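Note sheet for the following structure.
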2 protein chains.
Amino acid sequence: MAPQRETRQKRALATVLDQTPSFRSAQDLFADLRSRGENVGLTTVYNQLRAMAEAGALDTRRTDEGETLYRRCGTAHHHHHLVCRQCGAAVEVEGPEVEQWAEQVAGHHGFVDIAHTVEIVGTCAACAGRPGSRSHRGHGAST
Amino acid sequence: MAPQRETRQKRALATVLDQTPSFRSAQDLFADLRSRGENVGLTTVYNQLRAMAEAGALDTRRTDEGETLYRRCGTAHHHHHLVCRQCGAAVEVEGPEVEQWAEQVAGHHGFVDIAHTVEIVGTCAACAGRPGSRSHRGHGAST
DNA sequence: ATGGGTGCAAATAATTTGCAGGTAA
DNA sequence: TTACCTGCAAATTATTTGCACCCAT
């Protein structure tokens with residue numbers, strides 16, 4: 001397997017991902033890239049995003065509207081997310097008890113080869129303080 | 001507000017929903033309806049599905065591929081799902097400890113107005129017994 | 001009669017794919 | 001040079017919407 005090549009586009013995307021702590025959509029990242037003057041194609045963004053996600057370098061989520069959101073993965077081990085419904089900020093959390101509960105419940109029903117998804121959504125302290133800041137999936141980049 | 005009307009299409013959809021214990025996509029339900037000879041339009045299926053979901057009569061999920069799945073809601077109170085990745089069968093489960101854990105973790109990070117999603121995926125006893133039955137989103141209806 | 005219900009056709013929207021040309025190694 | 005990468009354009013796919021007609025009440 002030939003090693004991955006270093007391209008301007010890859011570097012640009014990686015940079016943007018590193019500068020945002022919250023989940024962002026492909027379309028969003030693409031727009032951000034363009035606003036920075038980086039000339040990267042939408043197709044490339046999708047290509048890279050998928051490649052990185054498959055390589056385990058990115059965490060992914062789906063919004064209720066069907067968009068896939070990506071975010072640089074902090075810890076390598078299993079974890080869940082606590083996401084702010086206002087600003088999109090995400091905190092990685094762990095919960096041994098939940099893992100156990102899932103295993104237990106599944107086993108109790110005769111299920112094997114268990115996997116699970118947990119996501120907690122709420123309003124973070126900052127957003128709770130100043131209501132009305134409807135920057136659901138805000139940028140905050142460039143300019 | 002005028003009461004809902006009783007139509008052949010609504011009844012047909014309701015019947016199909018009642019006969020399946022697992023989550024099914026709109027496309028899937030539509031195909032099933034047609035295979036039964038029921039002449040219902042895809043648009044109507046979507047219309048009804050959305051109306052029922054908003055009315056709280058249906059539970060909804062999203063597959064990784066972006067499809068929305070619907071299923072008649074058994075219990076009215078909060079619960080989660082244990083789904084079989086092979087046949088799609090779903091069991092409604094509860095977990096007081098998880099609810100508490102979510103509240104606790106969220107509060108610890110300063111988040112308020114908490115909501116959460118939990119989904120356990122596994123292979124049910126039946127499917128584990130006869131591997132290879134790749135009916136990912138099986139019908140099981142008619143014929 | 002009448003207004004909610006229906007469904008064909010066209011519109012959306014996110015994401016994927018074909019493929020010709022670019023470029024890192 | 002080589003084949004991986006890029007990105008335009010077109011294709012896919014689930015779902016929504018415009019709208020004229022129909023039927024349960």
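Below, chains carry the letters A, B, ... as their sequence lines are ordered, and counting in each starts from 1. The structure displayed is predicted, hence computed values, not measured ones.
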Legend entry - Nearest-Å distance for atom pair CG/C1', residues A:Asn47 and D:dC5: 8 Å
Legend entry - Integer-rounded Å distance: C:dT15 C1' and A:Arg62 CZ: 9 Å
Inset, instruction - Establish, with yes or no, whether the OP1 or OP2 oxygen of D:dA14 is under 4.0 angstrom from a side-chain nitrogen or oxygen of B:Ser25. - result: no
Legend entry - Atom-to-atom span, CG of A:Asp28 to C1' of C:dT15 - whole angstrom: 16 Å
Legend entry - B:Gln48 side-chain proximity, nearest of C:dT6, C:dT15, D:dT6: C:dT6
Inset, instruction - Figure out the CE/P separation between B:Met52 and D:dT15, and round it to whole Å. - result: 16 Å
Legend entry - Between P of C:dA13 and CD of A:Glu65, the distance in whole Å: 12 Å
Inset, instruction - Take the angle between the ring planes of A:His80 and A:His116 and call it parallel below 30°, perpendicular above 60°, tilted in between. - result: tilted
Inset, instruction - Figure out the CZ/C1' separation between B:Arg61 and D:dA14, and round it to whole Å. - result: 16 Å
Legend entry - Nearest-nucleotide comparison on DNA chain D, the residue closer to the 5′ end among B:Thr7 and B:Tyr46: B:Tyr46
Inset, instruction - Can you sort out which residues in residues 37-45 of chain B have a heavy atom within less than 4.0 Å of DNA chain C? Ascending by number, please. - result: B:Asn39, B:Val40, B:Gly41, B:Thr43, B:Thr44
Legend entry - Base of C:dG5 paired with side chain of B:Arg5 (donor-acceptor, under 3.5 Å): no
Inset, instruction - Report the distance from atom CZ of B:Arg24 to atom C1' of D:dA14, rounded to the nearest whole Å. - result: 17 Å
Legend entry - Nucleotide C:dA13, atom C1' - distance to CD of B:Glu67 in whole Å: 16 Å
Legend entry - Phosphate OP1/OP2 of D:dT13: any B:Gln27 side-chain N/O under 4.0 Å: no
Inset, instruction - Examine distances only and state if a side-chain atom of B:Thr15 and a backbone atom of B:Arg11 form a donor-acceptor pair shorter than 3.5 Å. - result: yes
Legend entry - Worked check of salt bridge (Lys or Arg N to Asp or Glu O under 4.0 Å) between B:Glu119 and B:Arg61: CA-CA 9 Å; B:Glu119 187 168 300; B:Arg61 277 204 317 134; 2.5 Å; yes
Inset, instruction - Check if the side chain of B:Arg8 and the base of D:dA24 share a donor-acceptor pair of N or O atoms closer than 3.5 Å. - result: no
Legend entry - Other residues, nucleotides, ligands: >12 heavy atoms within 6.0 Å of B:Asp64 CG: no
Legend entry - Test side-chain contact (heavy atoms from CB on, under 4.5 Å) applied to A:Ile114 and A:Gln104, A:Glu99, A:Glu103, the passing residue: A:Glu103
Inset, instruction - With B:Val16 as reference, evaluate B:Arg36, B:Glu38, B:Arg72 under the side-chain contact (heavy atoms from CB on, under 4.5 Å) test and give the passing residue. - result: B:Arg36
Legend entry - N-O pairing of A:Glu67 and A:Arg24 below 4.0 Å: no
